[in-house]
Amino acid sequence: MSWRSEDIWIELLTESRKLSNFCWALIIFLGSLGFLLVATSSYLGRKLLSFVPFEEIPFFPQGLVMYFYGIAGFFIGSYLWCTISWDVGSGYDIFDRQEGIVCIFRWGFPGKNRRIVLRFLLEDIQSLRIELKEGIYARRILYMDIRGWGAIPLTRTDENLTPPEIEQKAAELGYFLRVPIEIF
């Protein structure tokens with residue numbers, strides 16, 4: 001989502017609060033819960049789930065392995081839910097021609113460096129760079145080359161923009177910032 005006026009361009013980014021992340025976190029949580037229930041019923045010798053015959057699963061080694069998978073899935077699911085609740089990676093980009101500054105803000109993991117803020121002058125922007133890599137693992141990323149900072153990515157690696165879409169985005173931003181565009 002973006003908002004634009006004559007002198008200001010604001011681009012809002014949502015990273016971890018995507019529908020796919022919610023789906024994966026829920027699937028992993030329910031799967032790990034299933035593994036833990038089956039392993040527990042195998043250990044106790046009782047039927048905790050009506051549709052799983054615990055008699056066919058001996059506790060050693062299958063039940064023990066299921067405990068391991070359940071606990072590992074629980075930790076991975078907890079990590080995903082924490083990432084979603086903290087909204088890691090989201091933020092905004094502000095390009096202000098009137099003030100002559102660029103501000104890139106992202107939320108990180110909790111701690112000392114939770115807020116990631118990069119500020120620099122518009123005159124320090126050397127160019128916009130498009131990285132196009134086709135094949136099985138296609139990558140189309142828009143970078144901003146900044147004097148003294150290097151290349152800063154402006155799009156996600158998993159955004160899956162088509163070449164015309166990323167070129168259009170780069171052309172609009174390059175025209176707004178009045179900087180050249182390079183394609184690699």
Side-chain angles (χ1 to χ4, degrees), residues 1-28 72-73 75-184:
M1 183 174 152
S2 65
W3 180 82
R4 197 182 326 181
S5 73
E6 189 175 313
D7 290 326
I8 297 175
W9 180 325
I10 300 174
E11 183 114 11
L12 299 175
L13 304 168
T14 57
E15 291 295 318
S16 59
R17 290 187 182 167
K18 296 184 291 189
L19 181 62
S20 63
N21 288 348
F22 280 104
C23 291
W24 280 114
L26 184 65
I27 288 168
I28 290 173
F75 282 120
I76 293 170
S78 298
Y79 169 77
L80 287 174
W81 283 113
C82 288
T83 302
I84 290 168
S85 68
W86 294 324
D87 203 11
V88 173
S90 68
Y92 57 83
D93 300 335
I94 297 178
F95 306 97
D96 189 349
R97 284 195 312 203
Q98 191 174 15
E99 299 289 326
I101 61 168
V102 173
C103 179
I104 296 176
F105 176 84
R106 300 287 186 277
W107 286 108
F109 286 99
K112 187 172 90 172
N113 297 322
R114 170 118 165 91
R115 294 179 179 161
I116 302 165
V117 181
L118 302 174
R119 291 179 189 246
F120 43 86
L121 299 174
L122 279 176
E123 59 195 36
D124 289 339
I125 299 174
Q126 295 175 328
S127 66
L128 293 177
R129 183 173 47 162
I130 301 173
E131 179 182 318
L132 294 174
K133 185 177 179 186
E134 299 299 328
I136 296 173
Y137 301 108
R139 283 179 36 161
R140 298 173 192 105
I141 305 173
L142 178 62
Y143 291 97
M144 187 168 31
D145 282 327
I146 299 166
R147 188 177 303 116
W149 289 69
I152 297 175
L154 295 178
T155 58
R156 298 187 320 256
T157 57
D158 65 342
E159 200 165 348
N160 294 332
L161 296 172
T162 63
E165 288 173 340
I166 199 159
E167 288 171 3
Q168 177 69 28
K169 185 173 183 172
E172 289 175 3
L173 187 58
Y175 179 76
F176 182 81
L177 297 174
R178 297 181 179 109
V179 294
I181 299 171
E182 302 171 353
I183 299 178
F184 288 97

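Looking at residues two or more places apart in sequence or on another chain, you find a ring-ring contact (aromatic ring centres under 6.0 Å, His included) between Phe176 and Trp9. Partners of Val179 under the side-chain contact (heavy atoms from CB on, under 4.5 Å) rule, at least two apart in sequence or in another chain, are Ile125, Leu128, Leu177. With sequence neighbours left out, the ring-ring contact (aromatic ring centres under 6.0 Å, His included) criterion links Phe75 to no other residue.
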Side chains of residues 20-28: which donor-acceptor partners sit under 3.5 Å, not counting sequence neighbours?
unit_1, atom_1, unit_2, atom_2, d
Asn21, ND2, Ser16, O, 3.0

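Under the 4.5 Å side-chain criterion, counting only non-hydrogen atoms from C-beta, Ile104 is in contact with Leu154. Proximity of Arg4 to Glu172: side-chain heavy atoms (C-beta onward) are separated by under 4.5 Å at one or more points. Residues Ile8 and Trp3 are in side-chain contact: their nearest non-hydrogen atoms beyond the backbone lie under 4.5 Å apart. Contact annotation: the side chain of Pro153 never approaches that of Glu131 to less than 4.5 Å [non-hydrogen atoms, C-beta and beyond].
Listed by first and then second residue, the side-chain hydrogen bond (donor to acceptor under 3.5 Å, both in side chains) pairs involving residues 145-154 are Asp124-Arg147, Ser127-Asp145 (not counting sequence neighbours). Within the structure, side-chain hydrogen bond (donor to acceptor under 3.5 Å, both in side chains) pairs that include any residue of residues 102-116 comprise Asp93-Arg106 (at least two apart or interchain).
With Asp96 contributing its side chain and Glu99 its backbone, the two residues share a donor-acceptor pair below 3.5 Å.
Here Lys169 pairs with Glu11 in a salt bridge; the nearest charged N to carboxylate O distance falls below 4.0 Å.
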